[in-house]
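Every value quoted in this text rests on a predicted model; they were computed, and no experiment measured them.
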Amino acid sequence: MTAEHVNIGHSDLSIAPITLGGNVFGWTADEPTSHRILDAFVAGGGNFIDTADGYSAWVPGHTGGESESVIGSWLAARGRRDDVVIATKVSTKPDRKGLAPDNIRLAADESLARLGTDHIDLYYAHFDDESVPLADTVGALSELVDAGKVRSIGISNYSADRIDEWLEIVAQNGLHAPVALQPHYNLVERDFEGALRERAQKYGLSVFPYFALARGFLSGKYRPGVEIDSPRAGDAVKYLDERGLRVLDALDAISAAHDTSVAAVSLAWLRQQPTVGAPIASARSLEQLPPITDSLKVELSGEELSLLDTASTPAS
């Protein structure tokens with residue numbers, strides 16, 4: 001059985017509850033490989049693709065927008081725009097930094113051009129920009145919905161207090177409310193489960209956690225004494241402590257019981273958490289994709305969820 005589609009917040013955007021992260025497109029996955037990954041993701045039941053205008057500006061020689069351009073070329077080649085839901089973000093592209101209204105308007109038009117589409121399904125404010133009055137940012141994003149360029153609005157990397165302020169501005173001015181929240185959240189990074197989750201519940205925001213596999217640690221490939229050639233290896237091995245090993249032991253047992261991968265179980269745990277709409281995971285090769293789509297077929301029992309909760313709780 002495959003997990004049923006869910007709506008993003010109060011919007012009419014319907015998605016399978018797994019998100020393909022586009023951060024690697026045009027970076028560690030070249031354009032032909034990215035196209036094959038996108039083909040396989042859709043064939044495996046996925047339809048929600050996440051990117052940002054800043055991807056992958058951190059690579060020498062890149063300017064940002066590379067990921068959007070790769071997705072745009074795939075959409076043009078396959079003619080599948082109506083089959084997928086596309087999320088992108090504004091504020092980190094080096095020549096489009098920040099959330100001033102004029103910058104948001106220009107950035108949205110440039111993202112639309114790179115994606116080769118006339119609308120963005122879900123458009124996030126990527127990082128808070130406190131140099132701009134929040135009312136100006138919220139108003140500019142709401143105007144994009146009125147203009148038909150954006151279907152729904154999302155918030156990424158905002159504090160609980162700033163989310164309150166955002167929704168207060170919406171209520172006072174009759175603007176379009178956000179429908180999604182994108183935080184850092186996974187089985188070994190659980191700070192989200194406090195004030196941010198409370199806000200998601202209060203405002204009906206669907207949560208799309210990034211680093212859902214803890215930079216690869218929760219795929220199970222990082223083990224004591226095993227060296228992995230990956231750009232993220234240094235960030236992943238920090239989890240190889242006593243707690244991390246407990247989590248891996250629990251994941252190993254549960255994945256064996258379900259005859260599936262450790263990564264699929266890690267993503268299923270996250271998908272089954274309150275407020276979560278769909279974890280975000282990326283694949284830089286076709287070989288890395290099956291655990292992502294396989295997670296749609298994994299339903300963990302209450303006992304299995306509790307086992308993972310206990311294993312991932314820091315020692316007192």
Side-chain angles (χ1 to χ4, degrees), residues 1-6 8 13-52 55-56 66-88 114-117 120-122 182 186 208-221 228-232 251 255 258-271 276-299:
M1 174 181 272
T2 299
E4 294 182 359
H5 279 217
V6 296
I8 299 177
L13 298 171
S14 178
I15 59 163
I18 190 67
T19 315
L20 184 63
N23 59 311
V24 296
F25 297 155
W27 172 31
T28 52
D30 62 18
E31 186 169 34
T33 301
S34 299
H35 284 196
R36 290 192 291 270
I37 290 168
L38 286 159
D39 287 338
F41 177 69
V42 174
N47 73 325
F48 190 30
I49 302 161
D50 179 89
T51 186
Y55 300 163
S56 46
E66 288 81 12
S67 172
E68 290 179 330
S69 294
V70 168
I71 294 168
S73 66
W74 176 78
L75 291 172
R78 303 298 189 267
R80 305 203 65 160
R81 180 64 185 92
D82 293 339
D83 298 335
V84 292
V85 175
I86 304 289
T88 192
R114 285 187 292 269
L115 290 165
T117 184
I120 296 164
D121 296 305
L122 181 61
Q182 189 171 135
N186 58 53
F208 300 103
Y210 65 83
F211 293 152
L213 290 175
R215 300 179 187 266
F217 175 76
L218 293 172
S219 70
K221 66 182 178 181
I228 302 291
D229 181 16
S230 168
R232 292 180 169 180
L251 288 169
S255 62
H258 285 263
D259 191 23
T260 192
S261 65
V262 165
V265 172
S266 299
L267 293 171
W269 176 87
L270 198 49
R271 187 191 78 233
V276 171
I280 303 170
S282 57
R284 57 190 171 98
S285 68
L286 274 177
E287 291 72 28
Q288 291 184 345
L289 185 66
I292 296 174
T293 50
D294 287 351
S295 72
L296 292 170
K297 305 169 190 172
V298 178
E299 194 70 23

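Residue Asp83 qualifies as enclosed at atom CG: its count of foreign heavy atoms under 6.0 Å is above 12.
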Note to self: The test is side-chain contact (heavy atoms from CB on, under 4.5 Å); show your working for Leu267 and Ile18 and say whether it passes.
What the structure shows: CA-CA 8 Å; Leu267 293 171; Ile18 190 67; 4.1 Å; yes
Next item on the list: Take Leu38 and Phe25 through the test side-chain contact (heavy atoms from CB on, under 4.5 Å) and record every step on the way to the result.
Entry: CA-CA 10 Å; Leu38 286 159; Phe25 297 155; 3.9 Å; yes
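Interatomic distance, Asp50 CG to Ile15 CD1, rounded to the nearest 0.5 Å: 10.5 Å. One distance of note links CD1 of Ile292 with CD1 of Ile37; it measures 8.5 Å at 0.5 Å rounding. Taking CZ of Phe211 as the start and CG of Asn23 as the end, the distance is 7.5 Å to the nearest 0.5 Å. Here CG of Leu20 is found 10.0 Å from OG1 of Thr51. Values are rounded to the nearest 0.5 Å. The CH2 atom of Trp74 lies 6.0 Å from the CZ atom of Arg80; values are rounded to the nearest 0.5 Å. If you take CG on Leu289 and CZ on Arg284, they are separated by 13.5 Å, rounding to the nearest 0.5 Å.
Nearest heavy atom pair, residue Thr293 against residue Gly44, reads CB-O, 3.9 Å. The two residues Ser56 and Trp27 come nearest to each other via the heavy atoms OG-CB, 3.9 Å. Here the closest heavy-atom approach between residue Phe48 and residue Ile8 is recorded as CZ-CD1, 4.0 Å. The shortest non-hydrogen separation linking Ala264 to Ser261 is N-OG, 3.1 Å. The two residues Ile280 and Gly21 make their nearest non-hydrogen contact at CG2-CA, 3.7 Å. Across Ser282 and Gln288, no two heavy atoms sit closer than the pair O-OE1, 4.4 Å.
Side chain of Asn47 to backbone of Val85: no donor-acceptor contact under 3.5 angstrom is found. Remark: the backbone N or O of Ser285 is not paired with any side-chain donor or acceptor of Thr33 at under 3.5 angstrom. A donor-acceptor pair is defined here as one N or O able to donate and one able to accept, closer than 3.5 Å; such a pair exists between the side chain of Ser266 and the backbone of Leu218. In this structure, Asp294 contributes its side chain and Ala263 its backbone to no donor-acceptor pair below 3.5 Å. Panel note: side chain Arg271, backbone Ser295; a donor-acceptor pair is recorded below 3.5 Å. Under the 3.5 Å distance criterion, the side-chain polar atoms of Ser67 are matched with a main-chain donor or acceptor of Gly22.
You'll find the side chain of Pro209 reaches within 4.5 Å of the side chain of Val276, heavy atoms only. Residues Asn186 and Leu213 have side chains not in contact (no heavy-atom distance under 4.5 Å, counting atoms from C-beta outward). Contact of the His258 side chain with the Lys297 side chain is not registered, since no non-hydrogen atoms from C-beta on lie closer than 4.5 Å.
Contact check on Asp121 versus Arg81 returns a salt bridge, with a Lys/Arg side-chain nitrogen under 4.0 Å from an Asp/Glu carboxylate oxygen.
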